[in-house]
Amino acid sequence: MKGDRVEIMIDAGGATRTYEVVATRAGRRVEVVTRRGVVEVTEVTRTGTPVRTARFMASRVLALVEHPFNDRREPSAPPPNEA
């Protein structure tokens with residue numbers, strides 16, 4: 001969903017760097033896959049076509065935080081009764 005976001009913090013040889021992959025348009029989502037020592041974060045369309053991909057060595061990843069889009073809106077408070 002538009003608004004899905006993944007933050008990746010990596011060890012860059014004594015310092016840390018933070019990267020962010022965001023679903024930028026309606027209908028897109030962010031997927032995270034780990035395989036063969038590589039963490040792959042991809043923004044994909046509704047049909048599964050990759051739009052952009054970020055790859056990191058799994059041994060360098062310090063943290064990976066997924067922020068799913070929350071479409072639930074809090075119900076607004078009912079108006080006070082006027083008498």
Is the shortest distance from a Lys or Arg side-chain nitrogen in Arg29 or Asp4 to a carboxylate oxygen in the other one below 4.0 Å?
no
Would [X] end up clustered with [Y] when hydrophobic side chains under 4.5 Å apart are linked, directly or stepwise?
{"X": "Val39", "Y": "Val33", "answer": "no"}
{"X": "Val65", "Y": "Val6", "answer": "no"}
{"X": "Val61", "Y": "Val38", "answer": "no"}

Are Val32 and Glu66 packed together at the side-chain level, in the sense that at least one heavy-atom pair is separated by less than 4.5 angstrom?
yes
Do Val30 and Val22 come within less than 4.5 Å of each other through their side chains, counting heavy atoms only?
no
What's the spacing between [X] [atom1] and [Y] [atom2] if we round to 0.5 Å?
{"X": "Glu43", "Y": "Arg28", "atom1": "CD", "atom2": "CZ", "value": "5.0 Å"}
{"X": "Glu31", "Y": "Thr53", "atom1": "CD", "atom2": "OG1", "value": "10.0 Å"}
{"X": "Ile10", "Y": "Met57", "atom1": "CD1", "atom2": "CE", "value": "10.0 Å"}
{"X": "Glu40", "Y": "Phe56", "atom1": "CD", "atom2": "CZ", "value": "10.5 Å"}
{"X": "Arg55", "Y": "Ile8", "atom1": "CZ", "atom2": "CD1", "value": "13.0 Å"}
{"X": "Thr18", "Y": "Glu7", "atom1": "OG1", "atom2": "CD", "value": "7.0 Å"}

Atom of Thr42, atom of Pro50 and distance for their closest heavy-atom approach
CG2-CB, 3.7 Å
